[in-house]
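Hydrogens, waters and symmetry mates play no part in the numbers below; they use all other heavy atoms, side chains included. Order of the sequence lines fixes the chain letters, A, B, ..., with proteins taken first and strands second; residue numbering starts at 1 for each chain.
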Amino acid sequence: MSIQQENRFQAIIAHAKEYGFVFPSSEIYDGLSAVYDYGPYGSELKKNIRDHWWKSMTQLNDNIVGIDAAIFMHPTTWKASGHVDNFSDPMIDNRDSKKRYRVDHLLEAHADKLAHEGRKEEEFALLKSMDDLLAKDDFTGLKQLIEDNKITCAISGTSNWTDIRQFNLMFKTEFGAIASDNPNDNVVYLRPETAQGIFVNFLNVQKTARMKVPFGIAQTGKAFRNEIVARQFIFRMREFEQMEMQFFVRPGTEREWYKHWKQQRLNWHLDLGTPTEKYRFHDHVKLAHYAKEACDIEYEFPIGFKEVEGIHSRSDFDLSQHQLYSKKKQQYFDNDIDEKTGKPYGNYIPYVIETSIGLDRMFLLVLSQAYDEETITKDDGATDTRVVMRIPVKLAPNKLAILPLVKKDGLPELARKLMDECKPHFRCFYEEKDAIGKRYRRQDAIGTPFCVTVDHQTKEDGTVTLRERDSMTQKRVPLSEIKNQILNLL
RNA sequence: GCGGAAAUAGCUCAUCUGGUAGAGCGACAGCUUCCCAAGCUGUAGGUGGCGGGUUCGAGUCCCGUUUUCCGCUCCA
């Protein structure tokens with residue numbers, strides 16, 4: 001990463017805070033690591049991104065419907081999905097090599113070694129002790145076990161171990177107001193992904209909305225993960241928001257749908273005006289256990305190319321797992337005629353293509369793409385810098401600023417009238433303080449695409465100046481046409 | 001997690017070798033102003049990250065701690 005890019009990232013973070021887009025969480029208490037709050041303009045921008053995604057998914061595709069599942073889900077959900085097993089392992093670090101190990105892996109490796117040396121009884125004893133201690137979450141005992149067996153790090157060769165720590169990637173909380181003797185009785189997790197809320201509702205949605213495969217279910221919502229490293233601003237947060245769509249298809253057609261959605265999703269990004277060269281696909285070579293094909297859409301952030309969205313061909317893994325754990329059939333009966341057999345396709349568990357985009361990452365993408373420090377030369381030859389957020393019109397927090405040139409001679413009254421006319425239709429901002437140039441710059445800094453200035457000529461011929469953010473050009477437009485002109489651009 | 005650096009007003013910074021904190025910008029109020037910020041006047045805002053120590057006296061020296069940034073590490 002170059003110094004210039006580094007500075008640019010810092011500048012964007014500072015700008016986001018100073019202009020009410022993103023604040024560190026609980027800042028007056030020194031903040032909460034990897035948690036952020038969205039301010040007045042940030043919350044508008046975020047909402048606009050979410051709405052834009054939602055509309056493009058559900059309104060523009062008649063075979064996609066939305067849901068809003070709860071963050072709390074039955075704990076078995078996460079056993080079925082594999083999260084319980086994969087997201088909470090006791091770990092230990094070797095202080096010399098800085099290498100981190102899963103405790104069970106470390107002990108099992110040692111047990112293997114014992115087995116190879118023909119010390120079967122010791123092997124079994126070790127594994128049994130390990131299982132007992134793991135079941136009790138006895139980390140002190142486990143560390144003692146590692147030390148007693150003189151297990152060393154394969155890299156440093158030393159046994160200079162840290163204490164054992166549990167890495168809970170999922171947040172746990174207690175369900176029910178009454179405490180139980182066994183705390184495990186009441187455990188629920190804050191969902192680490194929104195997808196499972198879609199999968200467990202697959203049949204509810206299919207039946208009630210009378211959907212036929214292929215169809216999709218879209219959802220936006222918060223998800224929670226304990227990230228090990230908390231850095232990189234809102235790119236990596238413990239509480240974040242996903243926008244996911246699971247598309248259910250007939251087995252055997254997943255390939256073409258995967259390709260379809262891969263292209264569709266890239267088009268969605270490009271449609272916002274971002275140059276193609278800022279995007280690239282990253283096809284996964286190593287696939288997760290459930291995946292048949294997977295890729296990321298990466299955007300060139302100031303910190304390099306990073307994943308914004310993932311498109312995964314998940315096979316029937318999720319629905320099959322839920323069928324297995326819930327003992328409820330997750331099948332769909334397909335009445336369409338299979339040309340090969342002349343009969344309906346019949347019952348099957350659909351395959352799934354997932355598109356999953358991080359709303360907060362998309363937000364950061366928009367900020368990164370929009371932020372610009374521009375040097376402009378004035379009429380007298382002097383130079384000046386302008387910080388402008390070139391946010392796409394449809395995403396901008398404010399669409400229009402309405403500014404009387406001076407706050408007298410009846411100009412504020414005319415401006416207020418326009419404000420009243422426009423504000424039911426799109427978000428407007430009114431200001432009569434300070435010099436007009438200063439007000440323009442303030443709007444540039446928060447990405448308002450248009451400013452209308454009411455001046456004395458308005459009183460004579462009913463026209464105002466409409467000033468465009470990116471080019472700073474202005475033209476005279478009849479006051480009566482402003483509302484419709486802006487509406488046409490949204 | 002390890003190593004390094006930093007922390008003074010909303011922002012950028014100053015306060016020489018310890019003597020009880022200041023500027024510019026910004027914000028707010030008013031004046032002025034007929035189209036691209038930095039005209040005028042006024043106002044607000046700091047227990048100098050937090051805790052402890054040395055000292056007659058600490059923003060300044062020492063220790064601890066927290067947070068942030070950088071590098072490495074880790075990452076479903």
- Message: Say we look at B:G4 and B:U60: how far apart would their C1' atoms be, to the nearest angstrom?
- Response: 23 Å

- Message: Under 3.5 Å, is there any donor-acceptor pair linking the side chain of A:R236 to the base of B:C75?
- Response: yes

- Would you tell me if any nitrogen or oxygen in the side chain of A:R442 comes within less than 4.0 Å of OP1 or OP2 on B:A27? yes

- Query: If every non-hydrogen atom of A:Q219 is compared with every non-hydrogen atom of A:T194, which pair is closest and at what distance?
  - Reply: NE2-O, 3.1 Å

- Task: For B:A44 and B:A29, measure between their C1' atoms and round to the nearest Å.
- Result: 10 Å

- Task: Select one nucleotide: of B:C28, B:C35, B:C36, the one nearest the side-chain heavy atoms of A:R467.
- Result: B:C36

- Item | Criterion side-chain hydrogen bond (donor to acceptor under 3.5 Å, both in side chains) on A:Y325 and A:Q323, from CA distance to verdict | CA-CA 6 Å; A:Y325 278 79; A:Q323 175 166 295; over 6 Å; no

- Message: From the set B:C35, B:C28, B:U33, return the single nucleotide nearest to any side-chain atom of A:V406.
- Response: B:U33

- Could you please name the option among B:A37, B:C35, B:G30 that lies closest to any side-chain atom of A:R441? B:A37

- Task: Tell me which of A:D409 and A:F233 sits closer to the 5' end of RNA chain B, going by the nucleotide each one is nearest to.
- Result: A:D409

- Presence of donor-acceptor pair under 3.5 Å, side chain of A:R225 and base of B:A76: yes

- Query: What's the spacing between A:L489 CG and A:E468 CD if we round to 0.5 Å?
  - Reply: 9.5 Å

- Task: Can you check whether any acceptor in the base of B:C34 is under 3.5 Å from a donor in the side chain of A:Q457, or vice versa?
- Result: no

- Query: Can you tell me how far the CH2 atom of A:W53 sits from the CE atom of A:M243, to the nearest 0.5 Å?
  - Reply: 6.5 Å

- Any donor-acceptor pair under 3.5 Å joining the side chain of A:E18 to the base of B:C11? no

- Item | Inter-nucleotide C1' distance (B:C50, B:U12), Å rounded | 24 Å

- For A:F305, look at atom CZ and say whether over 12 heavy atoms of other residues, nucleotides or ligands are found less than 6.0 Å away. yes

- Taking atom C1' in both B:A58 and B:C70, compute the distance separating them and give it to the nearest angstrom. 30 Å

- Message: Quick check: on RNA chain B, is the nucleotide nearest A:K17 upstream (toward 5') of the one nearest A:D434, or the reverse? Name the residue that is more 5'.
- Response: A:K17

- Item | Among B:C34, B:C69, B:C75, the nucleotide that comes nearest once only the side chain of A:L405 is considered | B:C34

- Taking only the side-chain nitrogens and oxygens of A:K433, find out if one of them lies under 4.0 Å from OP1 or OP2 of B:G30. no

- Message: With hydrogens left out and only the distance checked, is there a donor-acceptor pair under 3.5 Å joining A:D455's side chain and the base of B:C34?
- Response: no

- Note on the structure: Re B:C50: Watson-Crick or G-U wobble partner, both distances kept under 3.5 Å, found to be B:G64

- Item | Span that lies between the P atom of B:A5 and that of B:C62, in whole angstrom | 13 Å

- C1' atoms of B:C56 and B:U43, separation to the nearest Å: 38 Å

- Distance from A:L365 atom CG to A:F363 atom CZ, nearest 0.5 Å? 11.5 Å

- Message: Among B:C34, B:C35, B:A27, which nucleotide has an atom closest to any side-chain atom of A:H456?
- Response: B:C34

- Query: Is any side-chain N of the basic residue among A:E254 and A:R314 closer than 4.0 Å to the acidic one's carboxylate O?
  - Reply: no

- Message: Measuring only the C1' atom in each nucleotide, how far is B:C35 from B:G71? A whole number of Å is fine.
- Response: 49 Å

- Please determine, for the side chain of A:K438, which listed nucleotide (B:A37, B:C35, B:A29) has the closest atom? B:A37

- Note on the structure: Among the nucleotides B:C35, B:C36, B:G30, whichever has the atom closest to the side chain of A:K407 is B:G30

- Message: Need the pair for B:G3. Rule: Watson-Crick or G-U wobble, both distances under 3.5 Å, any strand; none if unpaired.
- Response: B:C70

- Task: May I ask you to verify if any side-chain N or O of A:Q443 is less than 4.0 angstrom from the OP1 or OP2 atom of B:C36?
- Result: no

- Message: With rounding to the closest Å, how many angstrom separate the C1' atoms on B:U17 and B:G64?
- Response: 26 Å

